[in-house]
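Along the sequence shown, the residues carry numbers beginning at 1.
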Amino acid sequence: MMSVTHFNGDHIEGSPFMVDLDDGATEARTSFAEGPGLVGGVAGEQVKFTVTARDVRQFERQAVMTNATVVPVVYERQVVSVGAGAPSAIYLEFRGEATGALSTDGSTTSWQQVEDALEALATVDDVEILPADSSSAGPQTGQEFTVVFVGPAVRGDVP
(Lines give C-alpha, C1' and ligand atoms only; values in the text may rest on other atoms or scores of the structure.)
Protein backbone atom coordinates (compact mmCIF):
# COMPACT_ATOMS: atom_id res chain seq x y z
CA MET A 1 0.00 0.00 0.00
CA MET A 2 1.19 3.51 -0.78
CA SER A 3 -0.21 6.41 1.23
CA VAL A 4 -0.40 9.94 -0.13
CA THR A 5 -1.26 12.65 2.36
CA HIS A 6 -1.84 16.40 2.51
CA PHE A 7 0.61 18.58 4.41
CA ASN A 8 -1.58 18.20 7.52
CA GLY A 9 -1.37 14.38 7.41
CA ASP A 10 -4.87 13.73 6.03
CA HIS A 11 -4.98 11.18 3.21
CA ILE A 12 -5.85 12.49 -0.24
CA GLU A 13 -8.98 11.01 -1.77
CA GLY A 14 -8.44 7.33 -2.55
CA SER A 15 -5.27 6.99 -0.44
CA PRO A 16 -3.77 4.62 0.53
CA PHE A 17 -3.31 3.12 -2.92
CA MET A 18 -2.67 -0.52 -3.75
CA VAL A 19 0.55 -0.92 -5.72
CA ASP A 20 0.87 -4.20 -7.62
CA LEU A 21 4.30 -5.39 -8.72
CA ASP A 22 4.77 -8.41 -10.95
CA ASP A 23 7.67 -10.40 -12.38
CA GLY A 24 9.10 -11.72 -9.15
CA ALA A 25 8.21 -12.03 -5.50
CA THR A 26 9.23 -8.93 -3.58
CA GLU A 27 10.38 -8.82 0.01
CA ALA A 28 9.42 -5.78 2.08
CA ARG A 29 12.51 -6.10 4.31
CA THR A 30 14.86 -5.56 1.36
CA SER A 31 12.77 -3.01 -0.56
CA PHE A 32 12.82 0.73 0.00
CA ALA A 33 11.52 4.11 -1.17
CA GLU A 34 13.56 7.28 -1.44
CA GLY A 35 13.34 10.82 -2.76
CA PRO A 36 12.20 14.30 -1.74
CA GLY A 37 8.57 13.60 -2.71
CA LEU A 38 8.22 11.33 0.32
CA VAL A 39 8.91 14.22 2.68
CA GLY A 40 6.68 16.93 1.26
CA GLY A 41 5.93 19.18 -1.67
CA VAL A 42 5.01 22.68 -2.71
CA ALA A 43 1.59 23.45 -4.17
CA GLY A 44 1.80 23.60 -7.96
CA GLU A 45 5.24 21.94 -8.20
CA GLN A 46 6.10 18.35 -9.08
CA VAL A 47 7.26 15.93 -6.42
CA LYS A 48 9.34 12.82 -7.19
CA PHE A 49 10.29 9.63 -5.40
CA THR A 50 11.44 6.12 -6.29
CA VAL A 51 10.22 2.78 -4.92
CA THR A 52 12.81 0.01 -5.27
CA ALA A 53 11.27 -3.43 -4.85
CA ARG A 54 13.72 -6.29 -4.27
CA ASP A 55 13.27 -9.97 -3.70
CA VAL A 56 14.57 -11.83 -0.66
CA ARG A 57 17.94 -12.47 -2.34
CA GLN A 58 18.25 -8.78 -3.31
CA PHE A 59 19.52 -9.73 -6.78
CA GLU A 60 16.36 -8.90 -8.63
CA ARG A 61 15.64 -5.20 -8.78
CA GLN A 62 12.40 -3.58 -9.82
CA ALA A 63 11.85 0.15 -9.63
CA VAL A 64 8.62 2.08 -9.78
CA MET A 65 9.18 5.75 -10.47
CA THR A 66 6.43 8.29 -10.18
CA ASN A 67 5.94 12.01 -10.07
CA ALA A 68 2.94 14.16 -9.35
CA THR A 69 1.95 17.78 -9.23
CA VAL A 70 0.74 19.05 -5.89
CA VAL A 71 -2.35 21.14 -6.53
CA PRO A 72 -4.07 23.56 -4.20
CA VAL A 73 -7.23 22.50 -2.40
CA VAL A 74 -10.40 23.71 -4.10
CA TYR A 75 -13.09 24.21 -1.49
CA GLU A 76 -16.68 23.25 -2.21
CA ARG A 77 -19.05 26.19 -2.68
CA GLN A 78 -22.83 26.07 -2.40
CA VAL A 79 -25.02 29.01 -3.44
CA VAL A 80 -28.13 29.62 -1.32
CA SER A 81 -30.94 31.66 -2.87
CA VAL A 82 -33.47 33.20 -0.52
CA GLY A 83 -36.46 33.55 -2.84
CA ALA A 84 -38.55 36.70 -3.03
CA GLY A 85 -41.50 34.80 -1.53
CA ALA A 86 -39.45 33.24 1.29
CA PRO A 87 -40.91 33.15 4.78
CA SER A 88 -39.60 35.41 7.52
CA ALA A 89 -37.16 32.69 8.60
CA ILE A 90 -35.25 29.93 6.82
CA TYR A 91 -33.57 26.74 7.98
CA LEU A 92 -30.40 25.46 6.35
CA GLU A 93 -29.91 21.71 6.18
CA PHE A 94 -26.76 19.69 5.51
CA ARG A 95 -26.48 15.90 5.53
CA GLY A 96 -29.70 15.45 7.51
CA GLU A 97 -29.11 18.13 10.15
CA ALA A 98 -30.81 21.53 10.18
CA THR A 99 -29.97 24.86 11.73
CA GLY A 100 -32.37 26.76 13.90
CA ALA A 101 -34.50 29.51 12.38
CA LEU A 102 -32.50 32.21 10.56
CA SER A 103 -34.34 35.47 9.98
CA THR A 104 -34.58 36.75 6.40
CA ASP A 105 -35.24 40.40 7.20
CA GLY A 106 -31.60 41.37 6.51
CA SER A 107 -30.79 42.63 10.00
CA THR A 108 -32.05 40.29 12.78
CA THR A 109 -29.69 37.44 11.80
CA SER A 110 -26.10 38.46 10.97
CA TRP A 111 -23.81 36.67 8.50
CA GLN A 112 -21.70 35.55 11.47
CA GLN A 113 -24.79 33.95 13.03
CA VAL A 114 -25.44 32.05 9.78
CA GLU A 115 -21.84 30.80 9.84
CA ASP A 116 -22.07 29.87 13.53
CA ALA A 117 -25.38 28.03 12.98
CA LEU A 118 -23.87 25.91 10.19
CA GLU A 119 -20.69 25.21 12.16
CA ALA A 120 -22.80 24.05 15.10
CA LEU A 121 -24.05 21.13 12.99
CA ALA A 122 -22.20 17.86 13.63
CA THR A 123 -21.89 17.35 9.86
CA VAL A 124 -20.03 20.64 9.26
CA ASP A 125 -16.79 21.81 10.81
CA ASP A 126 -15.76 25.10 9.19
CA VAL A 127 -17.47 27.33 6.62
CA GLU A 128 -17.22 30.85 5.29
CA ILE A 129 -20.28 32.86 4.26
CA LEU A 130 -19.95 35.14 1.23
CA PRO A 131 -23.00 37.36 0.71
CA ALA A 132 -23.73 38.42 -2.88
CA ASP A 133 -24.59 41.88 -1.53
CA SER A 134 -21.84 42.82 0.91
CA SER A 135 -23.82 45.84 2.13
CA SER A 136 -26.46 43.66 3.82
CA ALA A 137 -26.01 42.72 7.47
CA GLY A 138 -27.60 39.29 7.05
CA PRO A 139 -29.78 37.13 4.81
CA GLN A 140 -32.85 38.67 3.27
CA THR A 141 -35.49 37.72 0.74
CA GLY A 142 -34.47 38.05 -2.89
CA GLN A 143 -30.78 37.61 -2.06
CA GLU A 144 -28.12 34.94 -2.62
CA PHE A 145 -25.14 33.99 -0.51
CA THR A 146 -22.41 31.39 -0.90
CA VAL A 147 -21.39 28.83 1.71
CA VAL A 148 -17.73 27.81 1.31
CA PHE A 149 -16.80 24.55 3.08
CA VAL A 150 -13.22 25.21 4.24
CA GLY A 151 -12.82 22.57 6.95
CA PRO A 152 -11.33 19.09 6.52
CA ALA A 153 -14.57 17.27 7.48
CA VAL A 154 -16.31 18.29 4.25
CA ARG A 155 -14.17 17.70 1.16
CA GLY A 156 -14.81 17.12 -2.49
CA ASP A 157 -18.00 17.65 -4.43
CA VAL A 158 -20.88 18.18 -2.02
CA PRO A 159 -24.40 17.44 -3.34
Minimal non-hydrogen separation, [X] against [Y], with atom names:
X: L102; Y: A117; result: CD2-CB, 4.1 Å
X: A122; Y: E97; result: CB-OE2, 3.2 Å
X: P139; Y: T109; result: CD-O, 3.4 Å

Are side-chain heavy atoms of [X] and [Y] found at a separation under 4.5 Å?
X: I129; Y: T146; value: no
X: V150; Y: V127; value: no
X: Q78; Y: F149; value: yes
X: F49; Y: P36; value: no
X: F145; Y: V114; value: yes

How far does [atom1] of [X] sit from [atom2] of [Y], to the nearest 0.5 angstrom?
X: T123; Y: E93; atom1: OG1; atom2: CD; answer: 9.0 Å
X: D116; Y: S110; atom1: CG; atom2: OG; answer: 7.5 Å
X: Y75; Y: D126; atom1: OH; atom2: CG; answer: 8.5 Å
X: F94; Y: L121; atom1: CZ; atom2: CG; answer: 9.0 Å
X: E119; Y: D125; atom1: CD; atom2: CG; answer: 8.0 Å

Using a distance-only test with no angle check, is there a side-chain donor-acceptor pair under 3.5 angstrom linking [X] and [Y]?
X: E34; Y: T50; value: no
X: S136; Y: Q143; value: yes
X: E115; Y: Q113; value: no
X: T108; Y: D105; value: yes

message: Side-chain heavy atoms nearer than 4.5 Å, only ILVMFWY residues, links allowed to pass through others: does that put V80 and Y91 together?
response: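 In one cluster with V80: Y91, no.
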
task: Tell me, with the steps shown, if L130 and R77 meet side-chain contact (heavy atoms from CB on, under 4.5 Å).
output: CA-CA 10 Å; L130 306 174; R77 294 171 172 256; 3.4 Å; yes

task: Please answer whether the main-chain N or O of P87 pairs with a side-chain N or O of T104 as donor and acceptor at a distance below 3.5 Å.
output: yes

